[in-house]
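In what follows, every chain begins at residue 1, and chains take the letters A, B, ... in the order their sequences are listed.
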Protein chains: 2
Amino acid sequence: MRDISQIITKFREAGLKVTPQRMSICHLLEDDHSHPSAEEIYRKALTIHPSISFTTVYKTLQTLRDLGEIQELNIDPERAHYDPDIRDHAHFFCKTCRSIIDLETDGFRRDSLARSFHDAEDLEIHHVQIHMVGLCEKCRDGDTAS
Amino acid sequence: MRDISQIITKFREAGLKVTPQRMSICHLLEDDHSHPSAEEIYRKALTIHPSISFTTVYKTLQTLRDLGEIQELNIDPERAHYDPDIRDHAHFFCKTCRSIIDLETDGFRRDSLARSFHDAEDLEIHHVQIHMVGLCEKCRDGDTAS
DNA sequence: GTTGGTGCAAATAGTTTGCACAGTT
DNA sequence: AACTGTGCAAACTATTTGCACCAAC
């Protein structure tokens with residue numbers, strides 16, 4: 001996700017209005033590397049903008065996703081999570097506490113991975129998600145659920 | 001997914017009963033490389049076993065997943081898909097027609113990928129999913145939806 | 001003033017569960 | 001006979017939509 005000022009420009013160029021609700025959500029996401037769900041973003045937004053609705057949060061997240069400013073993660077089968085970091089990186093999902101941890105993908109280039117498959121299969125690949133699923137350090141010790 | 005005979009043994013060893021419904025679902029999955037959803041498996045099962053319920057299909061899929069005989073794919077945000085092929089391979093998901101295509105991961109070893117992250121982060125990784133999302137050949141030509 | 005956004009409430013859809021009866025062992 | 005599985009119906013949860021009013025442009 002880029003600077004708020006750049007996002008404002010992009011909104012205006014796309015004929016979208018710059019509203020206080022949208023700006024609040026952008027500010028929240030800018031500082032949040034916890035991969036929150038829509039519900040979590042909504043709860044945080046309420047503290048800034050007490051009358052904001054879940055619908056507005058939901059639609060704003062869709063808008064930001066469609067503009068390519070955030071990525072929607074489908075790593076948790078129960079709900080979508082959102083990541084303002086659109087750079088190449090993999091994610092780890094803990095089955096127990098449902099937390100998501102960033103993993104740097106130094107070892108290989110995700111783009112070239114996508115390109116090689118693209119060449120072979122004649123597919124138009126828009127994005128790649130690499131997901132590791134298991135137990136985080138805390139949950140591994142305290143919980144044996146698989 | 002292994003031979004039905006091996007799965008029967010595994011069921012009995014786990015104290016699970018071998019029922020006609022479960023066997024029908026195993027036979028359906030054995031030959032199905034289309035990555036069906038629970039609903040699709042249910043509809044196919046109905047043609048073999050007209051009184052089977054969605055609940056039974058759903059619970060059997062969970063059982064097979066928990067036994068490690070199939071993998072549950074969370075590549076489609078709208079529903080889970082199931083894959084009887086538990087070998088290392090990536091998947092492509094078409095946003096338009098919702099089809100899933102297998103991609104062989106010759107270029108790198110998924111296990112070593114997981115292991116390198118594991119060593120670095122102290123996580124217990126149970127499985128890895130590599131997802132490419134975009135448009136398949138057919139939908140790319142006929143549809144410009146992103 | 002025009003156009004798109006917000007917020008409410010309701011609808012949708014996939015998933016999951018409680019329970020009584022049936023089938024496997 | 002004991003115990004798990006099946007099937008029905010209902011509950012649950014995340015997501016999505018219709019619409020009237022409001023705000024940005």
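Using a 4.0 Å heavy-atom cutoff across all strands shown, E78(B) reaches sugar-phosphate atoms only and no base atom. Within the nucleic acid shown, T19(A) comes within 4.0 Å of sugar-phosphate atoms alone, with no base atom in reach, counting heavy atoms only. If you check every strand for non-hydrogen atoms under 4.0 Å, S37(B) touches nothing. Using a 4.0 Å heavy-atom cutoff across all strands shown, P77(B) reaches no nucleic acid atom at all.
When the C1' atom of dT13(D) is taken as reference, atom CG of D76(A) falls 12 Å away, rounded to whole Å. The interatomic distance linking R98(B) (CZ) with dA13(C) (P) rounds to 12 Å, in whole Å. Whole-Å rounding puts the I52(A) CD1 to dT6(C) C1' distance at 9 Å. Atoms CG (L46(A)) and P (dG7(C)) sit 10 Å apart, rounded to a whole Å. Distance CG (D66(B)) to P (dT16(C)): 11 Å, rounded to an integer number of Å. One atom, CD of E13(B), and another, P of dT24(C), lie 20 Å apart when rounded to the nearest Å. Atom CD of E40(B) and atom P of dG14(C) are 10 Å apart (whole Å). When rounded to the nearest whole Å, the span between CD1 of I75(A) and P of dA14(D) equals 18 Å.
Of the possible donor and acceptor atoms, one in the side chain of H27(B) sits under 3.5 Å from a partner among the backbone N and O of M23(B). Looking only at distances, no side-chain donor or acceptor of H49(A) sits under 3.5 Å from a matching main-chain atom of T47(A). Judged by distance alone, the side chain of Q129(A) and the main-chain N or O of E72(A) form a donor-acceptor pair under 3.5 Å. The closest donor-acceptor contact from the side chain of D3(B) to the backbone of S5(B) lies at 3.5 Å or more, if one exists at all.
Taking the six-membered ring where the residue is Trp, the centroids of H33(B) and H35(B) are separated by 6.0 Å or more.
Of all nucleotides listed (dT16(C), dG5(D), dC8(C)), dT16(C) comes nearest to the side chain of F54(B). For Q21(B), whose side chain is taken as the heavy atoms from C-beta onward, the closest listed nucleotide among dG7(D), dA9(C), dG5(C) is dG7(D). Side-chain proximity of Q62(A) to the nucleotides dT16(D), dT4(D), dC8(D) is greatest for dT16(D). Side-chain atoms of T55(B) lie closest to dA9(D) of the nucleotides dT25(C), dA9(D), dG5(C). Checking dG5(D), dA24(D), dT15(D) against every side-chain atom of A38(A), the shortest atom distance belongs to dT15(D). The listed nucleotides are dA24(D), dT6(C), dA14(D); the one nearest the side chain of R79(A) is dA14(D).
Between Y42(B) and F54(B), the ring-plane angle classifies as perpendicular under the 30° and 60° cut-offs.
Taking side-chain N and O atoms only, T56(B) has no distance below 4.0 Å to OP1 or OP2 of dG5(D). Residue S51(A) places at least one side-chain N or O closer than 4.0 Å to OP1 or OP2 of dG7(C).
No hydrogens or angles were tested; on distance alone, nothing pairs the side chain of K59(A) with the base of dT6(C) as donor and acceptor under 3.5 Å.
Map H49(A) and A80(B) each onto its nearest nucleotide of DNA chain C; the residue landing nearer the 5' end is H49(A). Both P20(A) and K17(A) lie close to DNA chain C; mapped to their nearest nucleotides by heavy-atom distance, the more 5′-ward contact belongs to K17(A).
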